[in-house]
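Order of the sequence lines fixes the chain letters, A, B, ..., with proteins taken first and strands second; residue numbering starts at 1 for each chain.
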Amino acid sequence: MPDIPFLKHAMAVDDNLVKIRGLRFGYGRGRLVYDGVDIDIPRGCVTAIMGPSGTGKTTLLRLIGGQWRPTAGTVEFDGVDVHRQGRRDLYALRRRMGMLFQNGALLTDLSVFDNVAFPLREHTTLPESMIRDLVLLKLDAVGLRGARDLAADALSGGMARRVALARAIALDPEMVMYDEPFTGQDPISMGVLMRLIRTLNDALGLTSIIVSHDVAEVLSISDQVYILSGGKVVAQGTPEAVRGSTEAHARQFLDGRHDGPLAFQYPAPLLAQDLGLGAVS
Amino acid sequence: MKSAWQSLAGLLSGLGRATLFLFQLLAATPHALARPRILIRQLYMVGTLSLVIIVVSGSFVGMVLALQGYRTLSGFGATASLGIFVAFTVVRELGPVVTALLFAGRAGSALAAEIGLMRATDQLSGMEMMAVDPLRYVVAPRFLAGFIAMPLLTAIFSVMAIGVAGGYLIGVSLLGVDPGAFWSQIHANMHPLDIWQSMFKALVFGAVITWIAVYQGYHAAPNSEGVSSATTTTVVASSLAVLGLDFILTAFMFR
């Protein structure tokens with residue numbers, strides 16, 4: 001095979017934009033969040049990462065974005081190992097990703113317009129007139145063109161996430177990561193966001209990763225689902241396949257049962273013992 | 001209970017991290033000059049918004065100095081030297097030091113709280129994910145603004161304390177010191193080197209206070225307690241650093 005970097009890269013390109021292999025990650029001593037996780041994020045699809053609170057779903061997005069480093073394993077974005085990049089190359093990779101944070105993470109000293117224009121002004125040399133047009137188009141896509149002059153801290157939670165979504169797609173990224181996009185949203189905002197995520201993914205040819213524990217909403221707009229629990233993938237596949245999963249952790253999560261492999265009670269001594277009632281066996 | 005060794009090790013490792021952060025900050029500072037609008041906004045935030053407290057404090061410090069100085073000097077029949085007494089005290093010591101302590105309390109705490117809140121609300125993480133370095137965009141302009149603002153605020157404090165509403169007002173208008181003697185004593189005895197040394201102190205204090213403030217804010221735990229702790233630590237550490245550095249600088253300057 002001729003030693004041509006482009007050819008090598010083209011041959012290496014597969015259907016998965018993100019490939020995670022043997023991922024291990026923990027906080028401090030003893031608290032292992034991921035214990036050998038393999039995940040593939042196919043190009044052009046909406047992939048949901050689900051699981052109970054505290055399973056490290058947001059952590060996964062930060063690992064994919066290179067903000068945190070895994071203890072072991074690899075995270076590849078378009079064939080490039082995210083955690084083997086220098087700062088400059090990592091930032092170049094991040095320009096191809098967009099991320100919607102749980103609280104929007106809008107810059108509170110800027111207006112809605114300036115928030116969306118922020119990545120364009122930082123990373124392009126486009127004239128201000130063109131930036132204005134692009135920002136208005138992005139804001140129009142999320143239905144907030146009319147809110148361009150509002151201050152970022154004057155927005156409701158739903159509006160802030162839509163502005164953050166417009167900002168996340170400002171540079172036309174290949175992939176957008178959504179961190180709990182539906183948490184705390186009223187039904188109208190939730191419906192709007194769900195439709196936006198699906199529509200933007202299809203219209204712009206994006207790859208989307210949604211981290212959430214809103215089962216019904218996420219399953220209805222996803223092409224592929226992973227359910228994580230106890231540091232491992234406990235179910236994966238299409239929404240239909242996952243709905244029919246018989247794995248105990250997945251079943252408990254999907255059905256919202258309080259009893260199952262995940263105990264409702266945090267490990268503790270017997271209540272009677274804690275209250276000083278009766279004999280301790 | 002931490003042992004003394006653990007506390008010392010913690011202090012040293014903290015100093016090491018802060019020093020590394022300073023190097024990163026200095027490397028990012030030229031990029032702040034490329035964003036003059038942000039720099040000007042930060043100059044307004046840390047400089048202009050500190051003006052009221054600086055002007056009022058400068059005036060009162062000057063007035064008290066004039067009262068105390070007049071009382072002391074009148075015992076020697078040397079009230080004509082009131083001007084230079086106030087001027088030396090303010091320019092050499094109280095100007096840079098009191099301004100720095102006030103600056104730490106107003107601007108330093110605000111910087112730490114603002115950056116800490118940006119950390120807590122994922123604004124810094126959001127920038128990192130947009131491939132924008134928060135050190136260049138957020139931290140460096142604030143550091144540079146503090147560095148620039150402190151000497152200017154010190155100059156304003158000194159002018160207020162000596163002339164406009166402080167020493168001159170009390171000494172000349174109230175206590176009847178001859179205005180010609182007041183100014184001529186200053187003119188004859190105050191050297192440009194005194195002023196340059198005062199400005200040098202202000203520059204050092206400004207750099208140290210803003211360094212501590214942005215470091216504390218940037219590394220604040222992302223919760224309300226973390227922001228509160230960063231703010232408190234900024235004011236306490238900055239104040240102690242200013243007083244300690246003032247002693248060292250004074251020892252070298254006025255040998």
Side-chain angles (χ1 to χ4, degrees), chain A residues 58-59 61-68 77 82 85 87-110 114-124 128 152-153 157 160-161 163-171 173 175-180, chain B residues 20-21 23-25 27-28 31-46 48-49 107 110-142 145 214 217-224 227:
Chain A
T58 301
T59 302
L61 297 188
R62 291 187 185 270
L63 287 164
I64 293 172
Q67 288 190 300
W68 292 349
F77 177 83
V82 172
Q85 305 305 304
R87 211 180 89 111
R88 189 183 296 264
D89 292 333
L90 180 62
Y91 273 25
L93 273 185
R94 283 180 184 165
R95 282 181 217 175
R96 298 166 61 193
M97 309 174 184
M99 182 155 171
L100 182 74
F101 283 82
Q102 196 170 344
N103 56 13
L106 295 177
L107 300 171
T108 47
D109 57 340
L110 300 182
D114 288 334
N115 261 286
V116 181
F118 181 78
L120 292 166
R121 287 176 177 148
E122 287 297 314
H123 293 307
T124 70
E128 197 58 29
D153 54 6
R161 276 179 223 191
V163 173
L165 180 52
R167 188 179 67 176
I169 58 170
L171 286 172
M175 178 177 83
V176 178
M177 298 185 278
Y178 300 88
D179 184 9
E180 304 279 9
Chain B
L20 280 176
F21 181 78
F23 288 135
Q24 292 172 330
L25 187 53
H31 298 275
L33 293 169
R35 295 181 172 93
R37 281 181 62 186
I38 301 175
L39 181 60
I40 290 167
R41 180 179 155 79
Q42 289 310 316
L43 272 171
Y44 171 79
M45 300 296 282
V46 300
T48 311
L49 294 184
L111 282 176
E114 184 191 17
I115 297 175
L117 271 174
M118 290 180 85
R119 169 69 69 199
T121 54
D122 278 332
Q123 292 183 53
L124 300 182
S125 292
M127 277 187 200
E128 285 170 5
M129 283 308 297
M130 284 187 282
V132 175
D133 187 353
L135 271 179
R136 293 183 183 181
Y137 188 86
V138 174
V139 182
R142 284 160 175 78
V214 295
Y218 198 76
H219 293 93
N223 51 49
S224 53
V227 176

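- The pair B:Arg136-A:Glu122 does not count as a salt bridge, with every side-chain nitrogen at least 4.0 angstrom from each carboxylate oxygen.
- Between A:His123 and B:Ala131, the shortest heavy-atom distance links the atoms CE1-O, 3.0 Å.
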Could you go through the side chain to side chain contact (heavy atoms under 4.5 Å, CB included) check for A:Tyr91 and B:Asp133 one step at a time? CA-CA 9 Å; A:Tyr91 273 25; B:Asp133 187 353; 3.9 Å; yes
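- Only the side chain of A:Met99 comes within contact range of chain B, with at least one heavy atom under 4.5 Å from a heavy atom of that chain.
- In this structure, A:Gln67 contributes its side chain and B:Ser125 its backbone to a donor-acceptor pair below 3.5 Å.
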Between A:Thr108 and B:Thr121, is the side chain to side chain contact (heavy atoms under 4.5 Å, CB included) condition met? List the steps. CA-CA 10 Å; A:Thr108 47; B:Thr121 54; 5.9 Å; no
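- Rounding to the nearest 0.5 Å places CD of B:Gln123 at 11.0 Å from CZ of A:Phe101.
- Distance CZ/A:Arg95 to CE/B:Met129: 13.0 Å, rounded to 0.5 Å.
- Highest contact tally toward chain A, considering only B:Arg41, B:Met118, B:Met130, is held by B:Met130 [criterion: heavy-atom pairs under 4.5 Å].
- Most heavy-atom pairs under 4.5 Å with chain B: of the set A:Gln102, A:Met97, A:Arg87, this distinction falls to A:Arg87.
- No donor-acceptor pair closer than 3.5 Å links the side chain of B:Asp122 to the backbone N or O of A:Ala105.
- In this structure, the portion of A:Leu106 lying under 4.5 Å from any heavy atom of chain B is its backbone and not its side chain.
- Summarising the geometry, atom CZ belonging to B:Arg35 is positioned 12.5 Å from atom CZ belonging to A:Arg121; distances are rounded to the nearest 0.5 Å.
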